[in-house]
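All remarks here apply to the structure that follows.
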Amino acid sequence: MPELPDVEGFRRTAEKAAHRVVRGVDVRDAQVVLNSGPADFGEALRGRRFAEPHRHGKVLQIPTENPPADSSPGGSSVDGSSADGMPSLLVHFGMTGALLWCEPNEPPHAHDRVVFRFDGGELRYRDMRKLKGVRIAREPAEAAEVLDELGPDAAAASRAEFAARLTRTRRQVKTALTDQAVLAGLGNLTADEVLWRAGIAPHRQTTELTRDELDALHRRMRSTLREASRAGLVPNRPSWLSGHRADKRCPRCSERLSQRRMSGRTTIWCPVCQPD
DNA sequence: ATGTCTGTTTCCTA
DNA sequence: GTAGGAAACAGACA
């Protein structure tokens with residue numbers, strides 16, 4: 001599932017836990033804890049509060065903050081401790097990961113790999129295939145190591161930044177769009193969707209795109225991500241290309257869609273709306 | 001049963 | 001620098 005819009009949905013889920021104290025961490029499958037042992041992982045988080053979650057591309061970062069200096073009722077104090085210097089939780093959802101907010105007594109799901117318990121609810125990292133998972137960054141520099149590998153967030157990249165990053169390489173535009181080091185957040189579905197909306201064939205070389213085409217691509221990308229993020233997934237609507245991966249007819253002109261594997265992923269486009 | 005597919009990423013080879 | 005394949009994993013599906 002997880003492309004930028006999905007992770008944006010998970011970010012909103014994580015907001016339910018913001019400013020709550022982590023009462024306990026259950027690592028039900030140590031394999032998804034990427035950079036520490038299960039005990040250390042839980043120990044790094046227990047007793048701290050989750051702060052406001054951030055998303056960069058497909059990566060979700062949940063910083064922590066210290067518990068409020070004892071109870072300060074009445075004061076809506078966000079307390080003194082900033083999230084600086086505190087450990088962060090980093091989540092990469094791989095291909096099948098998800099984050100769910102559950103009531104305390106909901107029975108566990110077979111694919112619940114890590115459970116973060118709070119008073120009155122819990123956050124669950126659920127993942128069937130365990131291609132990625134969670135990691136702990138003990139200080140901001142450690143989180144930066146992961147995030148610095150990524151290009152600018154696709155939903156936030158400016159037009160100029162977008163064009164500059166994309167044309168830095170001369171690869172096929174679909175491949176460049178899904179390269180997280182070029183631009184962070186687009187996956188197989190959103191890349192196909194954006195290219196279709198912009199009327200650009202996926203195998204075009206980035207360096208042969210005109211300024212107008214780059215601008216169109218950027219504009220479509222922003223609007224597509226905005227709409228999909230609101231839904232928390234790439235919609236399966238009839239007016240979207242992604243809704244036609246099965247019947248393989250262009251939603252705009254009804255032409256038979258073309259299909260090819262590009263860098264290992266199934267790529268779909270309309271030969272009429274996206275000419276060579 | 002066996003093979004193929006999958007909304008991800010990384011590593012290797014040509 | 002770029003493209004393609006395989007692998008990590010756990011299914012669903014024909």
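Computation of the quantities below employed the complete heavy-atom set of this structure, encompassing side-chain atoms and omitting hydrogens, waters and symmetry-equivalent molecules.
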TODO: Sticking with atom C1', work out how far C:dG1 lies from B:dT8, rounded to a whole angstrom.
DONE: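 The same atom, C1', in both gives a distance of 23 Å.
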Task: P-based separation of B:dG3 from C:dA6 [nearest Å] - done: 14 Å
Task: Residue list, side chain to side chain donor-acceptor pair (under 3.5 Å) with A:Lys174, at least two apart or on another chain - done: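 Partners of A:Lys174 by the side chain to side chain donor-acceptor pair (under 3.5 Å) criterion, ordered by chain and then number, come out as A:Asn188, A:Asp192, A:Thr267.
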- [ ] Check whether NZ of the Lys or CZ of the Arg A:Arg245 lies under 6.0 Å from the centre of the six-membered ring of A:Trp240 and within 45 degrees of that ring's axis.
- [x]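 Checked: cation-pi criterion not met.
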Could [X] and [Y] be called an ion pair, given the rule that one side-chain N must be under 4.0 Å from one carboxylate O?
{"X": "A:Glu122", "Y": "A:Arg124", "value": "yes"}
{"X": "A:Arg113", "Y": "A:Asp127", "value": "no"}
{"X": "A:Glu227", "Y": "A:Arg237", "value": "yes"}

Open item on the list: Would you call the rings of A:Phe93 and A:Phe10 parallel, tilted or perpendicular, taking 30° and 60° as the class edges?
Closed with: tilted
- [ ] Please indicate whether A:Lys16 has more than 12 foreign heavy atoms, meaning atoms of other residues, nucleotides or ligands, lying under 6.0 Å from its NZ.
- [x]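 Open.
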Open item on the list: On DNA chain C, does the nearest nucleotide to A:Arg170 precede the nearest nucleotide to A:Gly264 from the 5' side, or the other way round? Give the residue.
Closed with: A:Arg170
Find the distance [X]:[atom1] to [N]:[atom2] and express it as a whole number of Å.
{"X": "A:Leu189", "N": "B:dC5", "atom1": "CG", "atom2": "P", "result": "17 Å"}
{"X": "A:Asp6", "N": "B:dT8", "atom1": "CG", "atom2": "C1'", "result": "12 Å"}
{"X": "A:Arg245", "N": "B:dC5", "atom1": "CZ", "atom2": "C1'", "result": "12 Å"}
{"X": "A:Lys130", "N": "B:dT6", "atom1": "NZ", "atom2": "P", "result": "23 Å"}
{"X": "A:Lys174", "N": "B:dT8", "atom1": "NZ", "atom2": "C1'", "result": "13 Å"}
{"X": "A:Leu34", "N": "B:dT8", "atom1": "CG", "atom2": "C1'", "result": "13 Å"}

Task: Opening and closing nucleotides of DNA chain C in contact with chain A, under 4.0 Å to non-hydrogen atoms - done: C:dT2 to C:dG11
Open item on the list: Show every ring pair (Phe, Tyr, Trp, His ring centres under 6.0 Å) that has at least one partner inside residues 152-204 of chain A, sequence neighbours left out.
Closed with: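 The answer is A:Phe162-A:His218, A:His203-A:Trp269.
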Task: Residue pairs passing the side-chain hydrogen bond (donor to acceptor under 3.5 Å, both in side chains) test where at least one lies in residues 132-146 of chain A, sequence neighbours excluded - done: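 Listed by first then second residue: nothing to list.
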TODO: Would you please say whether a donor-acceptor pair under 3.5 Å links the side chains of A:Glu193 and A:Thr224?
DONE: no
Open item on the list: Could you spell out the base pairing of DNA chain B as a dot-bracket line? Use Watson-Crick and G-U wobble contacts where both distances are under 3.5 Å, [ ] for crossing pairs, | for partners on a different strand.
Closed with: .|||||.|||||||
Open item on the list: Using ring centroids (six-membered ring only for Trp), state whether A:Tyr125 and A:Phe116 fall under 6.0 Å.
Closed with: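 Judged by ring-centre distance (under 6.0 Å), A:Phe116 and A:Tyr125 do not meet the cut-off.
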TODO: At under 4.0 Å between heavy atoms, which parts of nucleotides 9-14 of chain B does protein reach? Answer with one letter per nucleotide, 5' to 3': B base, S sugar-phosphate only, - none.
DONE: SS----
